[in-house]
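Reckoned from all heavy atoms, side chains included, excluding hydrogens, waters and symmetry mates.
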Amino acid sequence: FPSHDRAVSSTRSRLHPFNSNIGFGNRADIWSQQNGNKVIIQQIGNYNTATINQTGNKNYVEVYLTGSNNSTTVNQTSSGAGTANYIELTVSGNANTTSLTQSGTGGIRGIYGIVNNESNGLTVNQTGSGNHYAEISLSGGNKTVDITQSGTVGHMVKIELIVTGK
């Protein structure tokens, strides 16, 4: 999709929407309700909002966020033993808020996130039965990080803190 003030997509199976916003106050809303979808969001600037909702199995989201005072929400829901949903996140800037939620029954849910700079908030919720994996790398100061993994089977969190300066 080209840059728009508001981009909305309702996907079909195997569609790979890409949204890139450059500027201030942009909004991207993506809904995918089939299996095997890939969504890529890149936002550069300040006061941008991205919301991605995926329902189905074997879905993938990439979010690249550069700027300050941005808000990103990703929700993935799936069910079944053969499911796998994955989120990859890179945030660079200050005062950004990110919420990542993966839920469902069976399968695997994975999150890999990099959050740089100051005063950023990250919330991760992985719920339901199945294996949950989250790997988060943090640099800069004054972060708020809340990670919850609940349900049956396996849970794993790896948090890397990178300290620079003094």
Side-chain angles (χ1 to χ4, degrees), residues 1-12 14-78 84-103 108-126 132-147 157-164:
F1 296 110
S3 291
H4 287 98
D5 187 47
R6 180 176 169 89
V8 178
S9 173
S10 177
T11 66
R12 295 181 304 268
R14 302 277 178 207
L15 184 62
H16 304 286
F18 173 79
N19 179 276
S20 181
N21 295 124
I22 299 174
F24 301 93
N26 292 299
R27 180 177 175 145
D29 293 316
I30 308 285
W31 294 271
S32 58
Q33 300 175 349
Q34 300 292 325
N35 297 328
N37 290 301
K38 181 177 184 179
V39 174
I40 302 169
I41 298 285
Q42 178 182 20
Q43 289 186 315
I44 301 169
N46 302 324
Y47 301 100
N48 296 307
T49 301
T51 303
I52 300 108
N53 293 296
Q54 287 185 315
T55 301
N57 303 322
K58 299 181 182 175
N59 290 312
Y60 178 80
V61 172
E62 288 180 42
V63 177
Y64 302 98
L65 181 61
T66 303
S68 297
N69 299 294
N70 295 300
S71 175
T72 303
T73 302
V74 178
N75 297 303
Q76 290 180 323
T77 304
S78 62
N85 284 328
Y86 182 75
I87 300 169
E88 185 173 333
L89 169 76
T90 302
V91 175
S92 296
N94 300 317
N96 295 298
T97 304
T98 303
S99 174
L100 308 175
T101 300
Q102 294 176 313
S103 62
I108 299 169
R109 291 165 201 76
I111 294 173
Y112 178 74
I114 299 171
V115 181
N116 299 313
N117 301 88
E118 308 292 323
S119 302
N120 291 303
L122 174 64
T123 301
V124 172
N125 290 302
Q126 293 175 309
H132 304 135
Y133 175 81
E135 184 173 337
I136 309 297
S137 176
L138 305 167
S139 68
N142 197 27
K143 301 270 188 296
T144 302
V145 178
D146 182 11
I147 298 175
V157 174
K158 176 182 177 184
I159 298 175
E160 176 184 33
L161 300 173
I162 300 169
V163 179
T164 59

Requested in this report: Start with the C-alpha distance between Asn116 and Ser139, add both sets of side-chain angles, then the distance that settles side-chain hydrogen bond (donor to acceptor under 3.5 Å, both in side chains), and finish with yes or no.
Outcome: CA-CA 5 Å; Asn116 299 313; Ser139 68; 2.6 Å; yes

Report task. With Gln76 as reference, evaluate Arg109, Gln102, Gln126 under the side-chain hydrogen bond (donor to acceptor under 3.5 Å, both in side chains) test and give the passing residue. Result -> Gln102

Report task. Answer with yes or no whether the side chains of Ser119 and Asn94 bring together a donor and an acceptor at under 3.5 Å. Result -> no

Requested in this report: Please name all residues satisfying ring-ring contact (aromatic ring centres under 6.0 Å, His included) with Tyr133, sequence neighbours left out, ordered by chain then number.
Outcome: none

Requested in this report: Mind listing the closest non-hydrogen atom pair of Ala50 and Ile41 along with its distance?
Outcome: CB-CG2, 4.0 Å

Query - Distance in Å, Tyr47 OH paired with Ser71 OG, rounded so as to fall on 0.5 Å steps - result: 13.0 Å

Report summary line: Glu118 meets the salt bridge (charged side-chain N to carboxylate O under 4.0 Å, His left out) criterion, sequence neighbours left out, with none

Requested in this report: Would you please name every residue forming a side chain to side chain donor-acceptor pair (under 3.5 Å) with Ser137, sequence neighbours left out?
Outcome: Glu160

Query - salt bridge (charged side-chain N to carboxylate O under 4.0 Å, His left out) contacts in which one or both residues fall within residues 87-102, not counting sequence neighbours - result: none

Requested in this report: Evaluate side-chain hydrogen bond (donor to acceptor under 3.5 Å, both in side chains) for Asn120 paired with Asn96, printing each intermediate quantity in order.
Outcome: CA-CA 5 Å; Asn120 291 303; Asn96 295 298; 3.3 Å; yes

Query raised in the report: Which pairs pass salt bridge (charged side-chain N to carboxylate O under 4.0 Å, His left out) with one or both residues in residues 61-74, sequence neighbours excluded?
Result: Lys38-Glu62

Requested in this report: For residues Leu89 and Leu122, determine if any side-chain heavy atom of one lies less than 4.5 Å from a side-chain heavy atom of the other.
Outcome: yes

Query raised in the report: Partners of Asn85 by side chain to side chain donor-acceptor pair (under 3.5 Å), sequence neighbours excluded?
Result: Ser78

Query raised in the report: Which pair of non-hydrogen atoms, one from Leu65 and one from Thr72, has the smallest distance, and what is that distance?
Result: CD2-OG1, 3.6 Å

**Report entry** For the student: nearest non-hydrogen atoms of Gln54 and Val61, plus distance
**Finding:** OE1-CG2, 3.1 Å

